[in-house]
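Report on the structure given below.
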Amino acid sequence: MDSVLPAAEALGRARRVVVFTGAGISAESGVPTFRDDLTGLWARFDAERLATPEAFHADPDLVWGWYEWRRARAARARPNPGHLAVAAIEARVSGTVVVTQNVDDLHERAGSRAPVHLHGSLFAPRCVSAAAHPAASGEPDAEPGEGRRVPPPRCVHCGALVRPGVVWFGEALPEAALAEAVEAAAGCDVFLSVGTSGVVYPAAEIPRVAARAGAFVVQVNPAPTPLDPVCDVNLRGTAAQVLPQLVAAAWDPPGG
Ligand code: APR
């Protein structure tokens, strides 16, 4: 693994930092990623049948049940040292923006103030009407089985079906979130890309915006990704291992 020192020096001097995260940062909390061989969700489930508007229209009980299963798993997970290190960066650098593709709430539960959710949240269901009334995301079922059908609730305001508050394939990202992420990437000194395969657009363009704008770009990932060439440093390790080392080297270097 490249030494963390160049990244730590840049981070220690930075006034504006973007931490951009993907499913990999939650992997060590037991939340499955999408594209890891064998364990990734898309290796085990059919995204076409579970993660598109057409899928929900065709079989709302199957889709709602699957997301409730994912929500139950996320609710049971605990933030790991990677999430905590991100919150520590925010505490050290007031100009930090956390941008996540994840739909769990582990950044929030680790202490991150207001992560920008590019792909929505498992904990923000809404109705399918144009008004998109927010729906209460109560306690998930004890543990809906992976394939169990669970009828989605009805909106208390308009009676329409309630859907998961996530961005499905073929849907646009929330405009305000995307604009905030691009603006932060275009103006930061250091950009940390953590635990993303960098293959799903438009989110995957954000690290490239930072690189083009002259940020010092650091990637934390045990495996190579298409982002490697745009990074100044590629730290080959897991989020829970590398991020705490990076924070310690940036602000608590041995010998002061
Ligand atoms: N620490 C850091 N990175 C890890 C770890 C870990 N412990 N474990 C796995 N990774 C890396 C993998 O090597 C991979 O590059 O995390 C990445 C996970 O990639 P994906 O599973 O593709 O997840 P992500 O990049 O977040 O996917 C983007 O795709 O399906 C959509 O909406 C979904 O938001 C998701 C988007």
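Values reported hereafter were calculated over all heavy atoms of this structure, with side chains retained and with hydrogens, waters and symmetry mates removed. For ligands, and for the atoms within them, numbers begin at 1 and follow the listed sequence.
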Stepwise, does the salt bridge (charged side-chain N to carboxylate O under 4.0 Å, His left out) test hold for Arg149 with Glu68? CA-CA 10 Å; Arg149 281 179 160 70; Glu68 281 298 275; over 6 Å; no
For ligand 1, run through the N/O pairs with the protein that fall under 3.5 Å and put one pair on each line.
| from | atom 1 | to | atom 2 | distance (Å) |
| --- | --- | --- | --- | --- |
| ligand 1 | 1 (N) | Gly24 | O | 3.4 |
| ligand 1 | 1 (N) | Ala239 | N | 2.9 |
| ligand 1 | 7 (N) | Glu28 | OE1 | 2.9 |
| ligand 1 | 13 (O) | Asn221 | OD1 | 2.8 |
| ligand 1 | 15 (O) | Asn221 | ND2 | 2.8 |
| ligand 1 | 16 (O) | Gly195 | O | 3.2 |
| ligand 1 | 19 (O) | Ser197 | N | 3.4 |
| ligand 1 | 21 (O) | Phe34 | N | 2.7 |
| ligand 1 | 21 (O) | Arg35 | N | 2.8 |
| ligand 1 | 22 (O) | Arg35 | NH1 | 2.7 |
| ligand 1 | 22 (O) | Ser197 | OG | 2.6 |
| ligand 1 | 25 (O) | Thr196 | OG1 | 2.7 |
| ligand 1 | 25 (O) | Ser197 | N | 2.9 |
| ligand 1 | 25 (O) | Ser197 | OG | 3.2 |
| ligand 1 | 26 (O) | Ala23 | N | 2.8 |
| ligand 1 | 27 (O) | Arg35 | NH1 | 3.1 |
| ligand 1 | 29 (O) | Arg35 | NH1 | 3.0 |
| ligand 1 | 29 (O) | Arg35 | NH2 | 3.2 |
| ligand 1 | 30 (O) | Arg35 | NH2 | 3.1 |
| ligand 1 | 30 (O) | Trp42 | NE1 | 2.9 |
| ligand 1 | 32 (O) | His119 | ND1 | 3.4 |
| ligand 1 | 34 (O) | Gln101 | O | 3.2 |
| ligand 1 | 34 (O) | His119 | ND1 | 2.8 |

Taking salt bridge (charged side-chain N to carboxylate O under 4.0 Å, His left out) as the cut-off, I'd like each qualifying pair that reaches into residues 90-117, sequence neighbours left out, listed once.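 Found Glu90-Arg113, Arg92-Asp252, Asp105-Arg109.
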Could you give the side-chain donor-acceptor pairs of residues 31-39 under 3.5 Å, partners two or more places apart or in another chain?
| from | atom 1 | to | atom 2 | distance (Å) |
| --- | --- | --- | --- | --- |
| Thr33 | OG1 | Asp36 | OD2 | 2.7 |

How far apart are the C-alpha atoms of Trp251 and Val247, what are their side-chain angles, what is the distance that settles it, and do they pass the side chain to side chain contact (heavy atoms under 4.5 Å, CB included) test? CA-CA 6 Å; Trp251 288 292; Val247 168; 3.9 Å; yes
Using a side-chain heavy atom cutoff under 4.5 Å and only I, L, V, M, F, W and Y, what cluster partners does Leu118 have?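 Members alongside Leu118: Val18, Phe20, Val97, Val99, Val116, Val167, Leu173, Leu178, Val182, Phe191, Ile206, Val209, Val217.
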Would Trp66 and Phe56 count as a ring-ring contact (aromatic ring centres under 6.0 Å, His included) here? Give the steps. CA-CA 11 Å; Trp66 189 67; Phe56 185 69; over 10 Å; no
